[in-house]
Amino acid sequence: VSEGFESDFYTNTLKTFHVYGAFDFDYEIYDSQANGNSKDNVTGGRYSLRRKGNTNFNENALILSRHNMIAEGERYTVSMKVKLGKHFHTDGAIKVVSSRSFQYAWTTTGDYYPVVPIADLKENEWVEVSYTFNSVESFIALQTPGYVELFIDDIKFTLVDEKTPLSEPKE
């Protein structure tokens, strides 16, 4: 299951007020073709997910939709490309968590899995990260720390068997 933010779910969500159910206020679908934006902030296609970094709160964003979901109770390796932008600190991590809903980012179930610490990212450079976890629900949300600008693109969930070891939580 892949998400590059090019799907109708995201482009249609942007046209409605429902965007603030799927994303907290400090997220946006970044359009590299919009006036003043750059293609350097996407890895493929036109769009990426951007955490603006303007608030101090941990905030969530849904990254799977009802047309693009994973199976409950299975083991997956999630990989994604991440670029660190402006930031006031390097505390916290990008985390994934199971979600019961494709419409509201805070209907989370189970543990938040820290995919990559912010301190491990390189400023203004795309880094590919991955993490193996057990899904609890069919949808997934990302959580990122406040005052950190991030660009996230090309998220991929790969079904793996139970012999694949779970990732160790990042500090």
Check your understanding: Can you list every pair that meets ring-ring contact (aromatic ring centres under 6.0 Å, His included) and has a residue in residues 140-171, with sequence neighbours left out?
Key ->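 Sorted pair list: Y30-F151, F88-Y147.
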
Is there a donor-acceptor pair closer than 3.5 Å between any side-chain N or O of [X] and the backbone N or O of [Y]?
X: H87; Y: L150; value: no
X: T109; Y: S98; value: no
X: S167; Y: T132; value: yes
X: D153; Y: T43; value: yes

[X] vs [Y] side-chain heavy atoms within contact, under 4.5 Å:
X: Q143; Y: V97; result: no
X: F133; Y: I140; result: yes
X: L142; Y: L49; result: yes
X: F139; Y: T107; result: no

Practice item. Report the C-alpha distance between V148 and H89 in whole Å, list the side-chain angles of each, state the deciding distance to 0.1 Å, and finish with yes or no for side chain to side chain contact (heavy atoms under 4.5 Å, CB included). Key: CA-CA 7 Å; V148 175; H89 62 83; 3.5 Å; yes

Review point. Is it true that atom CD of Q33 has more than 12 heavy atoms of other residues, nucleotides or ligands lying nearer than 6.0 Å?
Key: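 Above 12, so yes.
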
Over all heavy atoms of both residues, which pair between [X] and [Y] is shortest? Give the atoms and the distance, please.
X: E137; Y: S99; result: CB-O, 3.0 Å
X: L64; Y: M69; result: CD1-CA, 4.3 Å
X: D91; Y: P145; result: O-CG, 3.6 Å
X: A105; Y: N60; result: O-ND2, 3.1 Å

Exercise for review: Determine the sole option in R50, R51, K52 for which the side chain to side chain donor-acceptor pair (under 3.5 Å) test with D26 is passed.
Suggested key: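 The side chain to side chain donor-acceptor pair (under 3.5 Å) with D26 is passed solely by R51 among R50, R51, K52.
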
Review point. Who pairs with R75 by salt bridge (Lys or Arg N to Asp or Glu O under 4.0 Å), at least two apart in sequence or on another chain?
Key: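 Not a single residue meets the salt bridge (Lys or Arg N to Asp or Glu O under 4.0 Å) criterion with R75.
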
Under 3.5 Å, side-chain donor or acceptor atoms of residues 119-129 against the rest of the protein: list the pairs with distances, not counting sequence neighbours.
residue: W126; atom: NE1; partner: D40; partner atom: O; Å: 3.0

